[in-house]
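Because the structure is predicted, anything quoted here is derived from the model rather than measured. Here is the naming used below: chain letters follow the sequence lines, and residue numbers restart at 1 for every chain.
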Amino acid sequence: MENGQLIIRTSNDFSFSENLQYLSRSADECMFHLRDGRVTRAIDVEGEPVLFRIEGHPDGILVTVDGEATEGAKAGVERFVHDWLDLGRNLEPFYELGERDPILRDAVRLHHGLRVVGIPDLFETFVWAILGQQITVSFAYVLKRRFVETFGRAIEADGVTHYLFPSAERVAGLEPEALRGLKIPARKSEYIIGIARLIADGDLTREGLLALGGDRAIEHRLTAIRGIGPWTANYVLMRCLRSPDAYPAADVGLHNALKLVAGMDRKPTLPEVEAFAEPWKGWRAYATFYLWRYLNSEAERV
DNA sequence: GTCCAGGACTCGC
DNA sequence: GCGAGTCATGGA
């Protein structure tokens with residue numbers, strides 16, 4: 001094995017190709033680059049940019065760290081990948097309940113080994129969630145790309161530009177008008193800058209939120225912030241704070257997936273959305289993520 | 001032109 | 001506490 005390489009061993013409930021399929025869902029994704037079954041991206045490790053790539057390996061995931069690849073950089077990348085792909089999760093209980101559940105069965109069989117792909121950076125998660133409110137995912141990707149290319153740090157490697165997500169400190173110093181040229185709606189710009197200031201001032205941290213205890217306490221804290229409603233709070237719980245049970249019940253994509261899988265001629269009402277999830281308690285974030293994935297794969301099939 | 005997208009806020013009651 | 005109107009952009 002080369003100097004900058006390491007292998008992260010994974011369980012049978014992890015499929016590199018399934019997660020790669022999810023990561024390749026948008027050509028406008030700007031936080032990593034895909035080619036030949038490999039994912040390359042830059043992250044911040046203790047203030048320094050580190051470029052790395054991951055690919056499938058018979059024993060798990062092969063990680064290659066670019067450049068000097070100090071022990072600190074390798075450890076930081078390993079931590080990141082572990083969090084990004086939720087590698088510490090034992091999915092057996094979820095798959096057992098999925099096999100028993102008529103709504104989830106096809107999704108868990110078809111996408112076995114998929115993880116709730118995370119967004120380890122708290123600020124990035126908030127921005128992505130706010131941008132995604134009420135607009136199509138494809139347009140949200142366009143807005144995110146403009147935002148990242150304008151305010152993020154760029155790293156050139158092998159003719160490809162990689163970006164670090166803009167820091168909360170950088171965005172905290174902006175005025176909403178600075179985002180107008182990117183076609184980010186004025187109100188969303190206010191939300192984003194407000195969150196950036198909370199994070200930059202140390203008033204909003206991942207550790208601080210997790211210390212609140214359960215999902216309900218965290219949701220209560222988050223929805224007190226301007227621009228954060230129940231959907232966004234649960235989205236952040238799912239993608240960044242790693243709750244396996246977060247449930248963005250108002251999600252339109254979830255509604256469409258339930259309509260499809262349950263064979264309904266209309267979208268479910270909110271009480272129905274809650275009722276569907278009753279048997280999924282403990283795993284509602286995983287159920288939601290699999291249903292999103294299933295809806296996308298069905299759409300691609302047509 | 002109308003409707004819908006991975007919602008949230010404000011206002012009136 | 002709850003329903004209706006508003007916000008902004010882009011694709012079908």
#### Entry: Within residues 217-230 of chain A: residues closer than 4.0 Å to DNA chain B (heavy atoms)
A:Ile225, A:Arg226, A:Gly227, A:Ile228, A:Gly229, A:Pro230
### Message
Could you check whether A:Phe126 and A:Tyr191 have their ring centres less than 6.0 Å apart?
### Response
no
### Query
Going by distance alone, is a donor N or O of one side chain under 3.5 Å from an acceptor N or O of the other, for A:His111 and A:Ser297?
yes
### Query
Looking only at side chains, do A:Arg109 and A:Tyr95 share a donor and an acceptor under 3.5 Å apart?
no
Nucleotide N/O of nucleotides 6-11 of chain C paired with protein N/O under 3.5 Å:
| from | atom 1 | to | atom 2 | distance (Å) |
| --- | --- | --- | --- | --- |
| C:dC7 | O4' | A:Arg187 | NH2 | 3.1 |
| C:dC7 | O2 | A:Arg187 | NH2 | 2.8 |
| C:dT9 | OP1 | A:Arg180 | NH2 | 3.1 |

## Note on the structure
Here the distance between atom P of B:dC4 and atom CG of A:Asp251, to the nearest Å, is 16 Å
### Query
C1' atom, B:dC9 versus C:dG10: distance in rounded Å?
22 Å
### Task
Taking the six-membered ring for Trp and the single ring otherwise, decide whether the centroids of A:Phe165 and A:Phe147 are under 6.0 Å apart.
yes
### Task
List in numerical order all residues of residues 111-132 of chain A for which some heavy atom is under 4.0 Å away from an atom belonging to DNA chain C.
none
### Query
Heavy-atom distance under 4.5 Å between the side chains of A:Trp283 and A:Phe289, does that happen here?
no
### Message
Could you check whether A:Arg41 makes a cation-pi contact with A:Trp84, meaning its NZ or CZ is under 6.0 Å from the centre of the six-membered ring and within 45° of the ring axis?
### Response
yes
### Message
Please verify the inter-ring angle class for A:Phe94 with A:Tyr286; under 30° counts as parallel, over 60° as perpendicular, anything in between as tilted.
### Response
tilted
### Task
Start with the C-alpha distance between A:Trp280 and A:Asp101, add both sets of side-chain angles, then the distance that settles side chain to side chain donor-acceptor pair (under 3.5 Å), and finish with yes or no.
CA-CA 9 Å; A:Trp280 311 336; A:Asp101 192 288; 2.8 Å; yes
### Message
From CG of A:Asn256 over to P of C:dA12, roughly how many Å is that when rounded to an integer?
### Response
16 Å
### Query
When you compare B:dT2 with C:dG5, how far apart are their P atoms, in angstrom units rounded to a whole number?
16 Å
### Query
If the C1' atom of C:dG11 is compared with that of B:dA8, how far apart are they to the nearest Å?
23 Å
### Message
In this structure, how many angstroms lie between the C1' atom of B:dA5 and the OH atom of A:Tyr141, rounded?
### Response
15 Å
### Task
Figure out the NZ/P separation between A:Lys267 and B:dC4, and round it to whole Å.
7 Å
### Message
Could you check, using the six-membered ring where one of them is a Trp, whether A:Tyr294 and A:Tyr290 have ring centers closer than 6.0 angstrom?
### Response
no
### Message
Is any side-chain heavy atom of A:Leu87 closer than 4.5 Å to one of A:Ile61?
### Response
yes
### Query
Does A:Ile192 reach the side chain of A:Ile195, with side-chain heavy atoms less than 4.5 Å apart?
no
### Message
Just the rounded figure in Å: distance from P of B:dC4 to NE2 of A:His255.
### Response
14 Å
### Message
Mind checking if A:Arg25 touches a base, just sugar-phosphate, or nothing, with heavy atoms under 4.0 Å?
### Response
base
### Task
For B:dG1, give its Watson-Crick or G-U wobble partner with both distances under 3.5 Å, or none.
none
